[in-house]
Amino acid sequence: MHQHLLVSDTRHFRVEDEINPYMDRARQPDPAAARAEHDALVAAHAAAGRTVEHLASAPGESDMVFTANAALVRGDRAVLGRPPAARAGEIAHVRAWLAARGVVAEDAPYAFSGQGDALALRDDLLLAATGQRTDPRMLGVLAERLDHEVVPLRTVSPEFYDLDLAVGVPDPDGLLAWCPEALDEPSRARVRGLRRRGFTLVEVDLAEARAFALNLVGDGRHVTMTRGAPRLAAALRAHGLTVTELATEQLARSGGGVRCTALTLDVPGTRTAVAA
Ligand code: ARG
């Protein structure tokens, strides 16, 4: 499955407002190392055959490198993120970028963490989480505006402030990785129920989940992930995937990783391709 990703850059990346438990203003990312990490991620996406587009970060937007939170895109439609106040300024930049490419992006009427809390699978399936940064009322909005069949999930703690820390999608057509402890019991049952729909599930322990193991980009052939999770990497290789493990220590200082820095433009099941 060909993937088309929107990334930004680390030019203005800093730990400012501590809006997740991994952030500590006293532990700032090193600018040169952060840039090298991000460059290596982008190079890995390109090497995996993904199309990568770039939106320049804006001064003062210290979390803008995490493009995943800015929207959920499906074909030529999108619902914009509605992040914590500290990140609200990012949204106008992404709205303008999408509009220039013919994507009609609507504002979210309630709190919404964008793709951070909404992972698209094959067909119309969308794993969408509430509990931290996404208002439960958003699930109906996503179903209606983007024609998704929403599988509602709930993350249990601020350590999993976004679903993309609790569930990873190595292959949107059939392979999921997840940390059961990060979800409440009804959510666990729903994830297990995906087996009946032909999905294979790989379990990840809390230690690797906390090391951002699940914050990965996968397309069914290549998986790009952090180097901090050797058990998951080995499990994915055993499933026949080509795995690239990269440094994410600087991004981790802000509570982010591989998946957060890439907004997918052509989600699985897209009916209308996004013009490049
Ligand atoms: N510091 C950023 C925040 O708290 C990190 C966002 C990472 N994004 C993600 N999809 N997990 O908003």
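Just so you know, ligand 1 is whichever comes first in the structure, and atom 1 is the first atom listed for that ligand.
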Next item on the list: Answer yes or no: is there a side-chain heavy-atom contact under 4.5 Å between T130 and P152?
Entry: no
Note to self: Can you confirm whether R95 is buried at CZ, in the sense that more than 12 heavy atoms of other residues, nucleotides or ligands lie under 6.0 Å from that atom?
What the structure shows: yes
Next item on the list: In plain terms, say whether R14 and E61 are close enough for a salt bridge, that is, a side-chain N and a carboxylate O under 4.0 Å apart.
Entry: no
Notebook entry, point to check: Does a donor on one side chain sit under 3.5 Å from an acceptor on the other, for D63 and S254?
Noted result: yes
Note to self: Using 30° and 60° as the class boundaries, would you call the ring planes of F212 and Y22 parallel, tilted or perpendicular?
What the structure shows: tilted
Note to self: Ignoring hydrogens and geometry beyond distance, is a side-chain donor-acceptor pair present between T264 and R50 at under 3.5 Å?
What the structure shows: no
Next item on the list: Identify, chain by chain and in numerical order, each protein residue with a heavy atom under 4.0 Å from an atom of ligand 1.
Entry: I19, N20, M23, D63, F66, N69, R87, G116, R133, Y161, D162, D164, S254, C260
